[in-house]
Structures are given as C-alpha cells and as structure tokens.
K.L.:
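My questions all concern the structure below.
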Amino acid sequence: MAGADKARNKVQKVSGTAKEFVGRATRDRRLTTEGRNDQRLADLKDAGEKIKDVFRPKGSRRRTTRTTPTTPTTRRTI
C-alpha cells in the first residue's frame with residue numbers, strides 16, 4: 001500500500017510541475033499557483049508516508065537469526 005501511495009504522490013508532484021510550467025508560459029497566475037500547491041501537497045503527503053514508514057513494523061524485511069531448538073538435558077545420577 002505504501003508503494004502505491006508514494007507513486008501517487010510522485011504523479012501529483014509531476015502534474016503540479018507541469019501545471020506551474022504551463023501557467024508561467026501562459027502567464028496564468030491561478031494555474032501557476034495551483035501547480036505550486038499541488039507540488040507542496042504531494043511533498044506533505046510524501047513526508048507523512050515517510051513518518052508512517054518509520055513507525056511501521058519491519059515484519060518480513062527483518063533479518064532473523066536461527067536458533068537451535070533447546071532440548072532438555074537429562075541428569076545422570078551416579
């Protein structure tokens with residue numbers, strides 16, 4: 001899920017860059033501002049994803065060490 005959200009944020013940032021570029025080319029302030037806002041929103045969402053990743057449990061990505069099964073030792077009395 002996090003990978004899809006990050007990709008969606010990247011697309012939003014690129015579309016914001018395109019809007020800003022078109023707005024500058026056509027001298028449309030509203031479009032330029034809307035493009036900048038889209039970029040900022042994508043950056044904020046990406047920062048939120050990074051924060052979620054910090055607190056997400058590692059799960060299967062975590063390297064586990066092998067442990068040998070413990071067997072009960074028998075005591076011999078002499």
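Computed from a prediction, not measured in an experiment: that's the story for all the values here.
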K.L.:
Could I get the full list of side-chain hydrogen bond (donor to acceptor under 3.5 Å, both in side chains) partners for D46, not counting sequence neighbours?
P.N.:
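So D46 forms no side-chain hydrogen bond (donor to acceptor under 3.5 Å, both in side chains) with any residue.
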
K.L.:
Could you pull out all residues at least two apart from K10 that satisfy side chain to side chain contact (heavy atoms under 4.5 Å, CB included)?
P.N.:
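For K10, no residue satisfies side chain to side chain contact (heavy atoms under 4.5 Å, CB included) once neighbours in sequence are set aside.
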
K.L.:
Check G16 against D38 and note the closest heavy-atom contact, atom names and distance.
P.N.:
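Result for this residue pair: CA-CB, 3.8 Å.
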
K.L.:
So which atom in T32 and which in G23 form the shortest heavy-atom distance, rounded to 0.1 Å?
P.N.:
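Looks like OG1-C, 3.1 Å.
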
K.L.:
Holding to side-chain hydrogen bond (donor to acceptor under 3.5 Å, both in side chains), I want the full list of residues that pass it with D43, two or more places apart in sequence or in another chain.
P.N.:
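K13.
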
K.L.:
With sequence neighbours excluded, what pairs up with R29 under the salt bridge (Lys or Arg N to Asp or Glu O under 4.0 Å) test?
P.N.:
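Once residues adjacent in sequence are excluded, R29 has no partner under the salt bridge (Lys or Arg N to Asp or Glu O under 4.0 Å) criterion.
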
K.L.:
Taking ILVMFWY side chains as joined if any heavy atoms are under 4.5 angstrom apart, and letting links pass through other members, which residues group with V22?
P.N.:
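Reading the cluster by chain and number, V22 sits alongside L31.
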
K.L.:
Rounded to the nearest 0.5 Å, how far apart are CD of E20 and OG of S15?
P.N.:
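So the CD of E20 and the OG of S15 are separated by 11.5 Å.
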
K.L.:
Connecting only ILVMFWY residues whose side-chain heavy atoms lie within less than 4.5 Å of each other, what is the rest of V14's hydrophobic cluster?
P.N.:
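Direct or chained contacts put V14 with none.
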
K.L.:
Which residues satisfy the side chain to side chain contact (heavy atoms under 4.5 Å, CB included) test with K52, sequence neighbours excluded?
P.N.:
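Here the qualifying residues are D5, E49, R56.
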
K.L.:
Taking ILVMFWY side chains as joined if any heavy atoms are under 4.5 angstrom apart, and letting links pass through other members, which residues group with V54?
P.N.:
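V54 shares its hydrophobic cluster with I51, F55.
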
K.L.:
Report the residues that fulfil side chain to side chain contact (heavy atoms under 4.5 Å, CB included) with N37, sequence neighbours left out, ordered by chain and then residue number.
P.N.:
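In terms of side chain to side chain contact (heavy atoms under 4.5 Å, CB included), with neighbours along the sequence ignored, N37 is linked to T33, R40.
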
K.L.:
Check D53 with K6, please: is the shortest side-chain N to carboxylate O separation under 4.0 Å?
P.N.:
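Yes, K6 and D53 are salt-bridged.
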
K.L.:
Who passes side chain to side chain contact (heavy atoms under 4.5 Å, CB included) against L41, sequence neighbours left out?
P.N.:
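Result, side chain to side chain contact (heavy atoms under 4.5 Å, CB included) vs L41: Q12, K45.
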
